[in-house]
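Below, read A as the first sequence line, B as the second, and so on, with proteins coming before strands; counting in each chain starts at 1. No hydrogens, no waters, no symmetry mates; every other heavy atom, side chains included, goes into these values. All values reported here derive from a predicted model rather than from experimental measurement.
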Amino acid sequence: MIESTRFGVYGGCFVPETLMAALEELESGFRTIVPGKEFREEIDYYLHEFAGRRTPLTFCRNMSRDLGCRIYLKREDLLHSGAHKLNNALGQALLAKCMGKSRLIAETGAGQHGVATAIAGAALGMRVEVYMGEEDISRQALNVIRMKMLGATVVPVTSGSRTLKDAINEALRDWVANVRDTHYLIGSVVGPHPFPTMVRDFQTVIGKETRSQILAREGRLPDAIVACVGGGSNAIGMFTPFLSDSTALFGAEAGGEGLDGRHGATLCGGRPGVLHGTYSYLLQDAFGQILESHSVSAGLDYPGVGPEHSYLKDSMRVTYRPVTDREAIDSFLYLSKTEGIIPALESAHAVSLARNIAGEMEKDDILIINLSGRGDKDVAHVAAVTGVCV
Amino acid sequence: MTTRIGKAFARRTRPLLIACLVAGDPGYHDSLALLREIDTAGANIIELVMPFSDPVADGPVMQEAIRRALMSGMNTDALFSLIRDFREISETPILILTYANVVMQRGITAFYREAAQAGVDGVALADVPVEEADPFCRAACDAGIDPILFISQTTSEERLLRIVSRGGGFLYLVAALGVTGVRGEIDPATIECIGRVKKVSSFPLVPGFGIGSQEQVRAYSRTGVDGVIIGSAIVNEIHDQVGQPEKMRDAVGRKVRDLVASLG
C-alpha cells in the first residue's frame with residue numbers, strides 16, 4: 001500500500017492474503033483514475049443528471065419554531081434511490097468499470113445500499129449480486145423487490161445472526177474467490193483500506209454542498225450538525241468539510257433497547273478490535289468474539305463502525321450519543337407530522353438527537369440534520385410496531 | 001532456536017501431514033479425544049483452529065464446526081487448557097490458526113506468552129497479511145513461537161520476499177482462491193506459484209485450503225512441497241458423526257491414516 005492505511009491507530013488492512021493484490025489494485029485505481037478529468041466529468045454527469053444532485057438544504061419553519069433554533073435538513077432522502085448510498089455506489093461502480101471489472105457484489109442491511117448498487121449496475125451495464133441477511137430480507141421486503149426489478153440477484157445469507165455483519169462475511173468470501181473479475185462495492189466507510197477513505201471521498205459531496213448552501217443562505221457556518229452512524233458513511237460525508245471548523249458535530253448511534261440491553265451503539269458501548277478488515281470500535285465479549293447488535297433500523301444494526309469515527313471519537317472532535325428504538329420511532333412520526341417529510345428510521349435517529357441538542361441552543365443558532373434517507377421502506381414496520389393498521 | 005515445527009521439517013523423509021481440528025468441536029472432551037486420535041493416526045503437525053465468530057476465510061464446513069465449538073463454550077482460556085491437557089501425552093507440534101481479534105483482545109504479548117507456556121509451537125492468523133504482521137511476529141518471536149504467514153497465487157514477487165523475511169516455521173500456501181473447503185483439482189496457478197516460491201526460498205512450503213482426497217495429496221507430494229494441510233475434509237468427518245463420539249473418532253482416525261498412507 002502506498003497511502004497511509006490508518007486514522008490515528010484505527011483502520012488498516014486485516015484481510016486474508018488472497019485479497020491483498022485486489023486491495024492494492026483498488027488503491028492504485030482510486031489514486032490514479034478517480035482524480036482524472038475523464039472520471040470527474042463522468043461521475044459529475046451521473047450525480048447531477050442521473051441521481052438528481054445537488055440535493056436541497058431545507059429550512060424547517062415548523063421544527064425551528066417548535067425547538068427554538070434554526071433547523072435545516074440536508075435532503076439526501078431526495079436523491080434518486082431514496083438515500084445517500086447512491087453517491088458511493090455510482091463512484092465505486094464507475095471506478096470498477098474503469099478498472100475492467102464486469103461484476104459487482106455488495107452487502108446490504110436496510111436494502112438501501114443494495115438498491116443503490118443495483119441502480120448503478122443497471123445504469124453502467126454491470127452484473128450485480130447483493131448479499132443480504134435472511135432477517136433483513138424479511139424486515140425490508142420492499143427493497144428486496146426493488147433490487148430484483150433493477151436486475152440484481154439477491155443472495156440470502158443464513159449464517160450467524162443473518163444480518164448485515166453476516167452479509168459482509170459472505171461478500172468477503174465471494175470476493176476472495178472471484179477477485180479477478182469482481183469488485184466488492186462496500187456500502188459504508190468500513191472494511192480494509194482503501195475502502196474507508198474511498199467511500200468517504202465519494203460521500204463528501206454531501207458536506208461540500210451543505211457548506212456552500214448554508215454560507216449562501218445564512219452567510220455563516222452552522223453551530224451544530226447531526227448525522228446518524230451505523231457504519232458511518234453519511235456522517236463522514238457530511239462532517240469531513242467541517243472538521244477544521246468550530247461547528248459542533250454529533251453522531252447518533254443505534255441505542256436499541258438502551259445500552260443495558262441489546263443495541264448497536266458501537267462507539268458508545270464497545271471497545272477497539274478487528275472486524276471485517278479494520279481496527280475500530282466493536283461490540284464484542286471479553287475473548288474478542290463479536291456480539292450481535294440490535295436496532296429497529298436495519299441500516300444501523302452493525303456491531304462495528306468506520307475506523308475514522310473511532311479516531312474522531314478518541315480525539316473528541318465528534319460527540320457520539322445513543323438513540324433508542326423508541327426515541328427513533330417517536331422522531332420518525334414527529335418529522336412526518338411536523339414537516340411533512342417521512343424519514344428513514346436510520347435518519348430518525350439523527351432527528352431525535354437533534355431534538356435533544358436543540359434544547360441547549362440559542363434562538364439564532366443553526367442546526368443541520370443530515371436526512372440520509374427517506375422512510376417509505378420503513379412505513380410498514382413502524383405501522384406494525386406502533387399498532388397502526390395498514 | 002528451532003521450534004518443534006522446524007525440527008519436524010528438518011527431519012522429514014516425505015512431505016508432512018498437517019491435520020486440522022477446530023478446538024472444542026463438538027465439545028471440549030470430544031476435542032481432546034480427537035486430538036489424541038489424529039496424533040496416533042500419524043499426523044505430523046496439528047493445526048488447531050481457535051474459533052472466531054466471523055471467520056471470513058472459512059467455508060461452510062469450517063463455519064459450522066466453529067459454530068459448534070463456540071456453542072460448546074470454547075474460548076481462549078479453554079483453548080490453552082485443551083493444549084496443556086494434550087501436552088501431557090504428546091510432543092507432536094501444534095500450531096494455532098485463528099483471527100487477529102482473538103489475539104488482540106487477550107493482549108498480543110500475553111496471547112503468545114500463554115500459548116508458549118501451554119505448549120504451542122506456531123500461530124497463523126487468517127486475516128493478518130504481512131503489512132499488519134509486525135506486532136504479532138515480534139511477540140511470537142519473543143515467546144519462542146513461529147509466526148506463520150500466508151502466501152497465495154496472487155502474491156506479488158515484492159510481497160513474497162517480505163513475507164519470506166518475516167515469517168517463521170513454514171510458508172502457508174493458500175492453494176485455492178476462495179475460502180476453506182474441499183475442491184476437485186489442483187489449480188494450475190498454484191503449481192506455478194509453488195515453482196515461483198521454491199526459486200526464491202528454501203523455507204518449507206505447505207499448501208492448505210481445498211485439499212481433501214488421497215489423489216490430491218499424492219499429486220501435491222509430487223510438486224516438491226514440504227507437506228499438505230488438511231482441514232475441512234477431516235472436520236467434515238466430525239460433522240457427519242456428531243452425537244456418536246466413538247464413530248466420530250474412528251472416522252477421523254481412518255481419514256488421517258488414509259491421508260498419511262498416500263504421502264508415500
Side-chain angles (χ1 to χ4, degrees), chain A residues 1 5-6 9 11-25 27 157-161 165-182 184 191-193 271-280 282-292 303-304, chain B residues 50-60 63-64 66-67 70 73-79 98-107 111 124-133 149-156 158-160 163 171-181 183 189 209:
Chain A
M1 294 296 167
T5 66
R6 303 269 173 170
V9 297
C13 239
F14 293 88
V15 294
E17 173 62 25
T18 337
L19 277 185
M20 285 306 297
L23 291 176
E24 286 186 327
E25 184 192 358
E27 190 203 50
V157 175
T158 56
S159 56
S161 57
K165 157 179 98 85
D166 310 283
I168 296 178
N169 289 343
E170 281 308 320
L172 280 168
R173 288 176 186 125
D174 180 319
W175 200 28
V176 173
N178 301 293
V179 289
R180 294 190 198 282
D181 73 337
T182 298
Y184 176 18
H193 175 79
R271 54 173 214 282
V274 170
L275 176 67
H276 296 147
T278 193
Y279 180 65
S280 191
L282 296 178
L283 300 179
Q284 56 183 324
D285 73 10
F287 296 104
Q289 306 293 341
I290 309 306
L291 298 173
E292 287 183 16
Chain B
M50 170 57 211
F52 176 55
S53 53
D54 293 80
V56 294
D58 285 296
Q63 284 177 47
E64 183 58 21
I66 285 166
R67 195 193 60 84
L70 287 173
M74 181 46 58
N75 59 37
T76 315
D77 289 338
L79 170 77
T98 190
Y99 288 79
N101 201 45
V102 170
V103 177
M104 279 185 170
Q105 298 310 317
R106 196 71 173 187
F111 184 93
L125 300 173
D127 58 349
V128 177
V130 68
E131 285 77 0
E132 304 290 351
L149 297 183
F150 294 84
I151 58 161
S152 90
Q153 53 179 270
T154 58
T155 303
S156 65
E158 182 222 333
R159 296 188 67 256
L160 175 60
I163 293 166
L171 283 173
Y172 195 133
L173 171 61
V174 180
L177 281 184
V179 294
T180 55
R183 289 169 183 75
F209 284 46

Next item on the list: Count the heavy-atom pairs under 4.5 Å between each of B:Gly59, B:Pro129, B:Ser152, B:Ala100 and chain A, then report the option with the highest count.
Entry: B:Pro129
Notebook entry, point to check: Salt bridge check: are A:Glu292 and A:Lys165 linked by an N-O gap of less than 4.0 Å?
Noted result: no
Note to self: What I want to find out is whether A:Arg6 reaches B:Glu132 closely enough, with some N-O distance under 4.0 Å, to be called a salt bridge.
What the structure shows: yes
Checklist line | Per-residue contact mode, B:Val102 against chain A (heavy atom under 4.5 angstrom) | finding: both
Next item on the list: Check whether any side-chain heavy atom of B:Leu79 sits under 4.5 Å from a side-chain heavy atom of B:Met74, and report yes or no.
Entry: yes
Notebook entry, point to check: For B:Pro60, is it the side chain, the backbone, both, or neither that has a heavy atom closer than 4.5 Å to a heavy atom of chain A?
Noted result: neither
Next item on the list: Name the member of A:Ala22, A:Cys13, A:Gly160 that forms the most heavy-atom pairs with chain B at distances under 4.5 Å.
Entry: A:Cys13
Checklist line | Residue B:Leu70 versus chain A: region with a heavy atom under 4.5 Å | finding: side chain
Notebook entry, point to check: What residue, out of A:Asp166, A:Asn178, A:Val15, has the most heavy-atom pairs lying under 4.5 Å from chain B?
Noted result: A:Val15
Notebook entry, point to check: Mind checking whether A:Val274 and B:Tyr99 have side chains closer than 4.5 Å, heavy atoms only?
Noted result: no
Item checked: B:Met50, part contacting chain A, at a heavy-atom distance under 4.5 Å -> side chain
Checklist line | Part of B:Ile163 lying under 4.5 Å from any heavy atom of chain A | finding: side chain
Notebook entry, point to check: In chain order, what residues pass the salt bridge (Lys or Arg N to Asp or Glu O under 4.0 Å) check against A:Glu27, with sequence neighbours excluded?
Noted result: none
Check: Measuring heavy-atom distances to chain A, does B:Glu64 have an atom under 4.5 Å in its side chain, in its backbone, in both, or in neither?
Finding: neither
Notebook entry, point to check: Which pair of heavy atoms, one from A:Arg173 and one from B:Pro55, lies closest together, and at what distance?
Noted result: NH2-O, 2.8 Å
Check: Tell me, side chain or backbone of A:Ile168 under 4.5 Å from chain B's heavy atoms, or both, or neither?
Finding: neither
Check: Once the angle between the rings of B:Tyr172 and B:Phe209 is folded into 0 to 90°, is it parallel (under 30°), tilted (30 to 60°) or perpendicular (over 60°)?
Finding: perpendicular
Margin query: Which heavy atom of A:His276 sits nearest to which heavy atom of B:Val56, and what is that distance?
Written below: CD2-CG1, 4.3 Å
Next item on the list: Please step through side-chain contact (heavy atoms from CB on, under 4.5 Å) for the pair B:Glu131 and A:Glu24, ending with a clear verdict.
Entry: CA-CA 12 Å; B:Glu131 285 77 0; A:Glu24 286 186 327; 4.2 Å; yes
Next item on the list: Select one option (side chain, backbone, both, neither) describing which atoms of B:Arg67 are under 4.5 Å from chain A's heavy atoms.
Entry: neither
Next item on the list: For chain B, find which of A:Ala21, A:Pro16, A:Pro192 contributes the most heavy-atom pairs closer than 4.5 angstrom.
Entry: A:Pro16
Checklist line | Region of A:Ala171 that comes under 4.5 Å of a non-hydrogen atom in chain B | finding: neither
Checklist line | A:Leu275, part contacting chain B, at a heavy-atom distance under 4.5 Å | finding: side chain
Check: Using non-hydrogen atoms only, which part of A:Ser159 is less than 4.5 Å away from chain B: side chain, backbone, both, or neither?
Finding: side chain
Next item on the list: Check whether any side-chain heavy atom of A:Leu172 sits under 4.5 Å from a side-chain heavy atom of A:Leu19, and report yes or no.
Entry: yes
Item checked: Heavy-atom contact with chain A under 4.5 Å, split by part of B:Asp77 -> both
Check: Could you give the distance from CG (B:Asn101) to CD (A:Gln289), rounded to the nearest 0.5 Å?
Finding: 8.5 Å
Notebook entry, point to check: What option among A:Asp285, A:Ile290, A:Asp174 has the most heavy-atom pairs under 4.5 Å with chain B?
Noted result: A:Ile290
